[in-house]
Amino acid sequence: MPEVTLRIGPKSYAVACGPGEEDKVRRLGAMIAERYDRLGNARAPLEAHNLVFAALFMADELSDLAARLAEAEHSVRKAQAASDRAAGARGELEREMETLRKAEMRAREDAKALRHELAELHEAQRHQHDLFGSEIDETALAMVLERLADQAESAAAALEAAHLEVPRDTA
């Protein structure tokens, strides 16, 4: 089993380690030596106390890092939840937009059919008479049919406007 000598403070320590772990043990020993050196003139008379203080420095740093890691993990979870909600909302908006597109298409088809029907009614009106043989009031009938066509156009325009107001990108 390989052995590594670590110099921490005024003493050297022989440490056994697994094969191939020598460099890692040296790096860890250097970290301890660095914390030990922070004691400066405040060193205790017993070396064991000084090593405990160096270990406390490291434990404090480890505790801070663990807290930061926990905070970062919490932030990641929150961001993922927000991303999931946004993806759900985006999917819902896309489904709603598709529904609006279909409704707009139907409204346009209805408006076209109404225009065609209106044209047919205008043509038929020219040849119709009431039961008493008089001609139908073409002007009144035309006005009623024009209002109906205008209402169909308004409905199509409202559907188109609603389609344009839906946000295209929620991410």
Side-chain angles (χ1 to χ4, degrees), residues 17-18 20-38 53-171:
C17 60
E21 293 185 347
E22 297 89 350
D23 286 339
K24 181 179 180 181
V25 170
R26 282 187 192 97
R27 281 193 315 274
L28 294 173
M31 291 171 67
I32 295 169
E34 177 188 336
R35 277 36 170 222
Y36 182 94
D37 290 342
R38 284 188 197 169
F53 290 134
L56 285 172
F57 283 145
M58 291 183 71
D60 183 45
E61 291 172 11
L62 180 60
S63 174
D64 288 347
L65 289 173
R68 288 176 50 200
L69 176 62
E71 185 178 316
E73 287 173 341
H74 177 71
S75 294
V76 166
R77 283 192 299 276
K78 280 176 55 177
Q80 183 61 49
S83 175
D84 291 346
R85 285 191 304 276
R90 181 184 180 119
E92 188 176 321
L93 283 173
E94 287 173 350
R95 288 187 295 277
E96 188 174 332
M97 285 172 46
E98 185 59 29
T99 300
L100 287 172
R101 280 187 203 107
K102 289 177 182 177
E104 177 188 9
M105 227 158 103
R106 283 191 303 273
R108 287 184 184 280
E109 289 170 1
D110 289 348
K112 183 177 177 182
L114 285 171
R115 276 193 212 95
H116 179 71
E117 188 177 333
L118 178 62
E120 287 177 349
L121 286 173
H122 277 296
E123 184 61 32
Q125 177 196 20
R126 290 185 200 163
H127 305 292
Q128 290 185 354
H129 300 281
D130 66 13
L131 293 174
F132 303 105
S134 64
E135 289 187 16
I136 296 175
D137 182 4
E138 292 179 12
T139 305
L141 180 60
M143 287 173 51
V144 169
L145 293 173
E146 284 293 331
R147 280 196 314 266
L148 183 59
D150 289 343
Q151 289 174 350
E153 282 291 330
S154 293
L159 282 170
E160 187 174 79
H163 168 70
L164 293 174
E165 289 178 7
V166 173
R168 299 213 182 270
D169 186 16
T170 58

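Since the structure is predicted, the reported quantities are computational estimates derived from the model, not experimental observations.
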Looking at Arg101 and Glu98, does any basic side-chain N land under 4.0 Å from a carboxylate oxygen?
yes
Rounded to the nearest 0.5 Å, how far apart are CD of Glu96 and OG1 of Thr99?
7.5 Å
For His74, all residues meeting side-chain contact (heavy atoms from CB on, under 4.5 Å), sequence neighbours excluded
Arg77, Lys78
Between side-chain atoms of residues 61-73 and protein atoms elsewhere (two or more places apart, or another chain), which donor-acceptor pairs fall under 3.5 Å?
from  : atom 1 : to    : atom 2 : distance (Å)
Glu61 : OE1    : Arg35 : NE     : 3.1
Glu61 : OE1    : Arg35 : NH2    : 2.4
Glu61 : OE2    : Arg35 : NE     : 3.2
Glu61 : OE2    : Arg38 : NH1    : 2.9
Glu61 : OE2    : Arg38 : NH2    : 3.1

Rounded to the nearest 0.5 Å, what's the gap from CD1 on Ile32 to CZ on Phe57? Could you check?
13.5 Å
Going by side-chain contact (heavy atoms from CB on, under 4.5 Å), name the residues that satisfy it together with Leu118, two or more places apart in sequence or in a different chain.
His122, Leu145, Glu146, Ala149
When rounded to the nearest 0.5 angstrom, what distance separates CD in Glu21 from NZ in Lys24?
6.0 Å
Closest heavy-atom contact between Ala103 and Leu159?
O-CD1, 3.4 Å
Can you tell me if Glu92 has over 12 outside heavy atoms packed within less than 6.0 Å of its CD?
no
Can you name the residues that form a side-chain hydrogen bond (donor to acceptor under 3.5 Å, both in side chains) with Arg108, not counting sequence neighbours?
Glu104, Glu160
Using a strict 4.0 Å threshold on nitrogen-to-oxygen distance, state whether Arg26 and Asp23 make a salt bridge.
yes
State which residues pass side-chain contact (heavy atoms from CB on, under 4.5 Å) with Glu117; sequence neighbours excluded, sorted by chain then number.
Leu114, Leu121
Please name all residues satisfying side-chain contact (heavy atoms from CB on, under 4.5 Å) with Ala155, sequence neighbours left out, ordered by chain then number.
none
